[in-house]
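A short write-up of the structure that comes next.
Below, read A as the first sequence line, B as the second, and so on, with proteins coming before strands; counting in each chain starts at 1. What you see below is based on every heavy atom in this structure, not just the backbone, and it leaves out hydrogens, waters and symmetry mates. The structure presented is a predicted model; accordingly, all values stated were derived computationally and were not measured.
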Protein chains: 2
Amino acid sequence: MNIGQASEASGVSAKMIRYYEEIGLIRPMGRTGNNYRVYGEEEVHVLRFIKRARNLGFSLEETETLLKLWQDQSRESAAVKDVATAHIADLERRIAEMQGMVKTLKHLAHCCGGDQRPNCPILDDLAGDAPAPTPRKKAKQPA
Amino acid sequence: MNIGQASEASGVSAKMIRYYEEIGLIRPMGRTGNNYRVYGEEEVHVLRFIKRARNLGFSLEETETLLKLWQDQSRESAAVKDVATAHIADLERRIAEMQGMVKTLKHLAHCCGGDQRPNCPILDDLAGDAPAPTPRKKAKQPA
DNA sequence: TGTGAAGCTTCCCATCATGGGAAGGTCAAG
DNA sequence: CTTGACCTTCCCATGATGGGAAGCTTCACA
């Protein structure tokens with residue numbers, strides 16, 4: 001199987017497969033006489049594992065940890081759970097952060113007329129108590 | 001006011017102030033004889049505006065749009081509201097995406113013993129139906 | 001007046017994960 | 001033999017930020 005087929009079968013782009021090899025996430029593949037990389041079912045399984053981990057938001061570093069645990073028959077499931085739990089916490093922190101932004105923005109948007117008039121509480125909030133500055137660029141041909 | 005004081009007053013790092021100037025988000029500052037950038041109250045207000053927009057998750061590109069609208073006395077508040085609304089939608093999309101990850105991960109973590117035994121539904125899920133591959137690296141001195 | 005510390009300048013590099021594209025080798029079908 | 005679809009490596013770009021070096025200036029203090 002060439003890299004194109006492995007990409008097709010795993011859902012990981014050929015570009016990324018080469019990159020994962022380069023950073024040591026997957027081992028260097030054997031080559032045929034023409035210097036093409038050769039893949040088998042096992043490599044495709046690994047790539048799919050990586051793909052799924054990425055889809056769950058794990059970083060490549062976390063993915064590498066999970067991959068090693070997967071291969072380690074003597075792993076303790078607690079180690080895996082720790083990685084997952086930490087990742088959940090990180091996701092929840094980021095979700096909360098973004099929810100805070102949404103809450104503020106919705107309030108501001110709600111207060112904004114959204115019409116032809118220039119008055120806008122969104123800009124007022126961003127500006128604090130500051131007056132609008134003088135134009136910076138694309139100066140409209142000064143009189 | 002030197003860049004250090006402007007940084008202090010605006011909450012934007014000196015590094016970033018120079019970068020914003022480089023990409024044209026803020027106009028190039030005047031220099032003193034010693035080639036130091038000079039800042040006034042107005043520049044600090046602009047930097048604070050940028051800082052607040054960034055805190056609400058707006059990209060630098062969106063921030064530039066908002067900055068221009070702020071300076072445009074003849075703006076229509078609808079234009080501002082549009083930027084904000086699009087940003088809210090984007091945030092909500094990303095939040096939903098991450099919430100989906102959290103949901104899956106919590107389910108998997110719940111099913112995982114998290115003990116000394118190797119059996120782990122989290123890895124099983126990532127692996128799909130695939131068997132664990134042979135070890136990849138850090139080969140433990142083969143017999 | 002000297003000196004050291006702190007602050008400024010520019011320039012280059014790193015992050016994280018991914019894509020784009022060029023230049024060139026290879027292969028299979030027509 | 002040509003054409004097109006692969007493959008290879010190499011370099012560059014993203015977005016926003018930080019780190020750090022090398023070389024200025026400026027200021028405070030002895």
### Message
Under the criterion side chain to side chain contact (heavy atoms under 4.5 Å, CB included), I'd like the reasoning laid out for Val83(B) against Ile122(A): C-alpha separation, chi angles, the key distance, then a yes or no.
### Response
CA-CA 10 Å; Val83(B) 174; Ile122(A) 300 172; over 6 Å; no
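- A 4.5 Å side-chain heavy-atom check between His87(B) and Leu91(B) finds at least one atom pair inside the cut-off.
- Salt bridge Glu42(B)/Arg27(B): present, at least one basic N to carboxylate O contact under 4.0 Å.
- Under a 3.5 Å cut-off, the side chain of Arg75(A) and the backbone N or O of Pro118(B) do form a donor-acceptor pair.
- Taking a 6.0 Å sphere around CD of Gln99(B), one finds it holds more than 12 heavy atoms contributed by other residues, nucleotides or ligands.
- Arg18(B) comes within 4.0 angstrom of a nucleotide base, judged by non-hydrogen atoms across all strands.
- Overall, the helix from dT1(C)-dA30(D) to dG30(C)-dC1(D) carries an axis bend of 20° between its ends, with five pairs at each end and the value rounded to 10°.
- For the pair Arg31(A) and dT26(C), the criterion of a side-chain N or O lying under 4.0 Å from OP1 or OP2 is not met.
- Within the 4.5 Å cutoff, no side-chain heavy atoms of Leu69(B) are placed close to those of Glu76(B).
- In terms of position on DNA chain C, the residue among Tyr19(A) and Asn34(A) whose nearest nucleotide sits closer to the 5' end is Tyr19(A).
- Using a 4.0 Å cutoff to heavy atoms of chain B, the contacted part of DNA chain D runs 5' to 3' from dA16(D) to dT26(D).
- The pair Arg37(A)-Glu43(A) fails the salt-bridge criterion, with no side-chain N (NZ, NE, NH1 or NH2) lying under 4.0 Å from an Asp/Glu carboxylate O.
- If you measure from atom NZ of Lys15(B) to atom P of dC13(C), you get 13 Å, rounded to the nearest angstrom.
- Annotation for Glu8(A): atom CD does not count as buried by contact number, only 12 or fewer foreign heavy atoms lying within 6.0 Å.
- The phosphate of dT10(C) (OP1 or OP2) has a side-chain N or O of Arg37(B) nearer than 4.0 angstrom.
- The phosphate of dT18(C) has neither OP1 nor OP2 within less than 4.0 Å of any side-chain N or O from Ser13(A).
- Map Ile3(A) and Met16(B) each onto its nearest nucleotide of DNA chain D; the residue landing nearer the 5' end is Ile3(A).
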Applying salt bridge (charged side-chain N to carboxylate O under 4.0 Å, His left out) to Glu97(B) and Arg93(B), what does each step give before you reach the verdict?
CA-CA 6 Å; Glu97(B) 197 181 350; Arg93(B) 187 186 51 72; 3.8 Å; yes
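- Residue Ala14(B) is the one, among Ala14(B) and Gly33(A), whose nearest nucleotide of DNA chain C lies closer to the 5' end (criterion: closest heavy atom).
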